A.B. asks: 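Here it is, the structure in full.
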Amino acid sequence: QVQLAEAGGTLVQHGESLRLSCVVSGRTSSVYGLGWFRQPPGKEREYVAGVKYFGGRPTYGDSVKGRFIISIDNAKNTAYLEMNNVRPDDTAVYYCGASLSWAASPVVSRYDYWGQGTQVTVSS
C-alpha cells in the first residue's frame with residue numbers, strides 16, 4: 001500500500017506563486033511514477049505534471065507548461081509542484097497520484113493511489 005498526502009493549497013492572487021507538497025508513505029519503493037492532477041469545479045480531473053519517481057524527465061499539461069515545475073525529493077519521499085504566475089483558471093482541487101506501472105502518464109486510470117487533494121483558489 002502507498003499513501004499520499006497533499007498540502008499547501010490556499011487562496012492566492014493572480015500572478016503570485018505557491019508550492020504544493022505531496023508526502024508519499026508506505027511501500028514507496030514500489031512507486032514508478034508520480035503525477036499531479038487537478039479538478040476544477042464541475043469538470044473532470046486533468047493532468048498537470050508527472051515524472052518517474054526515482055528520476056526522469058517530467059512532462060506537463062499544455063495549460064501549465066512554462067509556469068509549473070514538478071520535482072521529487074526522494075530522501076524526504078516528498079513531491080512538489082511549484083506554481084508560478086498563477087491564473088484564475090488554475091483554481092481547482094489538486095491531487096497527487098502514484099502509479100506502480102507508468103511514469104508521467106496523463107491518464108487518470110493509470111494511477112493506483114491518490115491523496116485527498118488540496119484546494120487552490122486564484123483570485124483575479
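Predicted model, so just to flag it, every value in this text is computed and none were measured.
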A.B. asks: Verify the cluster assignment for Y47 and Y113: are they in a single hydrophobic cluster under the rule of side-chain heavy atoms below 4.5 Å apart?
C.D. replies: no
A.B. asks: Does the side-chain contact (heavy atoms from CB on, under 4.5 Å) test come out yes or no for E6 and L20, once each step is laid out?
C.D. replies: CA-CA 7 Å; E6 304 93 337; L20 306 182; over 6 Å; no
A.B. asks: Please set out all donor-acceptor pairs under 3.5 angstrom arising from side-chain atoms of residues 102-109, sequence neighbours excluded.
C.D. replies:
residue, atom, partner, partner atom, Å
S105, OG, V107, N, 3.2
S105, OG, R110, NH1, 3.4

A.B. asks: Once side-chain contact (heavy atoms from CB on, under 4.5 Å) is applied, do any residues pair with Q13, and if so which ones, sequence neighbours excluded?
C.D. replies: E16, S123
A.B. asks: Of all the heavy-atom pairs spanning Q119 and T121, show the shortest one and how long it is.
C.D. replies: NE2-OG1, 3.3 Å
A.B. asks: Show which side-chain atoms of residues 30-38 pair as donor or acceptor with protein atoms under 3.5 Å away, not counting sequence neighbours.
C.D. replies:
residue, atom, partner, partner atom, Å
S30, OG, R27, O, 2.6
W36, NE1, Y80, O, 3.4
R38, NE, E46, OE2, 2.6
R38, NH1, D90, OD1, 2.8
R38, NH1, Y94, OH, 3.0
R38, NH2, E46, OE2, 3.3
R38, NH2, S63, OG, 3.1

A.B. asks: Roughly how far, to the nearest 0.5 Å, is the OG atom of S17 from the CZ atom of F68?
C.D. replies: 9.5 Å
A.B. asks: Specify the closest pair of heavy atoms between T91 and V122, including all atoms of both residues, with the distance to one decimal.
C.D. replies: OG1-N, 2.9 Å
A.B. asks: I'd like to check the side chain to side chain donor-acceptor pair (under 3.5 Å) partners of R19; sequence neighbours left out, ordered by chain and number.
C.D. replies: none
A.B. asks: Would a 4.5 Å heavy-atom cut-off, applied to side chains only, mark D112 and V2 as touching?
C.D. replies: no
A.B. asks: Measuring from atom OG of S25 to atom CD of Q1, what distance do you get when rounded to the nearest 0.5 angstrom?
C.D. replies: 10.5 Å
A.B. asks: Please tell me whether V93 and L18 are part of a single hydrophobic cluster in this structure, the criterion being side-chain heavy atoms less than 4.5 Å apart.
C.D. replies: no
A.B. asks: Name all residues meeting the side-chain contact (heavy atoms from CB on, under 4.5 Å) criterion together with N77; count only those two or more places apart in sequence or in a different chain, and write none if there are none.
C.D. replies: T28, Y53
A.B. asks: Enter the distance from E82:CD to S21:OG here, rounded to the nearest 0.5 Å.
C.D. replies: 13.0 Å
A.B. asks: The test is side-chain contact (heavy atoms from CB on, under 4.5 Å); show your working for Y95 and L4 and say whether it passes.
C.D. replies: CA-CA 9 Å; Y95 298 90; L4 305 102; over 6 Å; no
A.B. asks: Quick check for you: to the nearest 0.5 Å, what is the distance between R45 atom CZ and W114 atom CH2?
C.D. replies: 5.0 Å
A.B. asks: Which residues, ordered by chain and number, are linked to L11 in its hydrophobic cluster, where ILVMFWY side chains connect at heavy-atom gaps below 4.5 Å, directly or through other members?
C.D. replies: none
A.B. asks: Nearest 0.5 Å please: distance from the OH atom of Y60 over to the CD1 atom of I70.
C.D. replies: 6.5 Å
A.B. asks: Looking at every non-hydrogen atom in both residues, tell me the closest pair between E44 and P40 and how far apart they are.
C.D. replies: O-CD, 3.9 Å
